[in-house]
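Working notes, beginning with the structure itself.
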Amino acid sequence: MQLRKRAAEGLVSVALVTGVIAVAPSARAGQREAAPSTAASCYGSAHAYSKPSGSYDYPTGSAYLTTTGNCADINIKTNTNRYVKVCWLKTGDCQSDYTLTTAGQWTTVATDVADGTDFFFWFRSDASSTGYWAA
């Protein structure tokens, strides 16, 4: 008798689960799927960075970063508020003004940058800094 009771409970469970699965698609039928955004693709390809104290540039030394087709801009997400600008490897020139970043938020530092452009970040402070960049 106990076996029949468990079998009956199992069938009820299967029926309930099947009913939920069958209802779920129709509940979503009236909703539109959001198209993937450029920002999600751009930030989805972000890279972590860690600038050591005592240095104003990232990456330090002769290393550099390169823009890709994932983003049209150069973006940074710092873990603390920081002033930062972009410098171009080809010319050695930097933007004339710093951009203030807000901790934990993406900030665009340079716009409409061609794919394959080599650059590095220049921070106003030599304090250590961590976060993410996307370009």
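Note that these values count all heavy atoms, side chains included, but never hydrogens, waters or copies made by symmetry.
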List the atom pairs, donor and acceptor, that lie under 3.5 Å between side-chain atoms in residues 107-116 and the rest of the protein, sequence neighbours left out.
from	atom 1	to	atom 2	distance (Å)
T108	OG1	N75	OD1	2.9

Under 3.5 Å, side-chain donor or acceptor atoms of residues 53-63 against the rest of the protein: list the pairs with distances, not counting sequence neighbours.
from	atom 1	to	atom 2	distance (Å)
S55	OG	D57	N	3.4
S55	OG	D57	O	3.2
S55	OG	D57	OD1	2.7

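Within the structure, no pair that satisfies the disulfide bond (SG atoms under 2.5 Å apart) test touches residues 104-135, not counting sequence neighbours. Within the structure, the disulfide bond (SG atoms under 2.5 Å apart) test picks out the following pairs touching residues 74-135 (sequence neighbours left out): C87-C94. Here ring pair (Phe, Tyr, Trp, His ring centres under 6.0 Å) pairs that include residues 68-103, with residues two or more places apart or in two chains, number zero.
Under the side-chain hydrogen bond (donor to acceptor under 3.5 Å, both in side chains) criterion, S129 pairs with Y49, sequence neighbours left out. Not counting sequence neighbours, the partners of T80 by the side-chain hydrogen bond (donor to acceptor under 3.5 Å, both in side chains) test are R82. By the side-chain hydrogen bond (donor to acceptor under 3.5 Å, both in side chains) test, N79 pairs with T130, sequence neighbours left out. Looking at residues two or more places apart in sequence or on another chain, you find a ring-ring contact (aromatic ring centres under 6.0 Å, His included) between W106 and Y43. Under the side-chain hydrogen bond (donor to acceptor under 3.5 Å, both in side chains) criterion, D118 pairs with T66, not counting sequence neighbours.
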Any chance you could lay out the side chain to side chain contact (heavy atoms under 4.5 Å, CB included) test for Y132 and I76, step after step, and finish with the verdict?
-> CA-CA 6 Å; Y132 297 91; I76 194 165; over 6 Å; no
Verdict with reasoning, F119 to L89, per side chain to side chain contact (heavy atoms under 4.5 Å, CB included) | CA-CA 5 Å; F119 70 97; L89 187 66; 6.0 Å; no
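At least one donor-acceptor pair under 3.5 Å links the side chain of K51 to the backbone N or O of A127. T67 places a side-chain N or O within 3.5 Å of a backbone atom of T117 that can act as its donor or acceptor partner. Side-chain atoms of Q95 come within 3.5 Å of backbone N or O of V86 as a donor-acceptor pair.
The nearest pair of heavy atoms linking C42 to A134 is O-CB, 3.7 Å.
Put simply, the side chain of L65 reaches to within 4.5 Å of the side chain of W133, judged on heavy atoms.
Atom-to-atom distance recorded for I74:CD1 and K85:NZ is 14.0 Å, nearest 0.5 angstrom.
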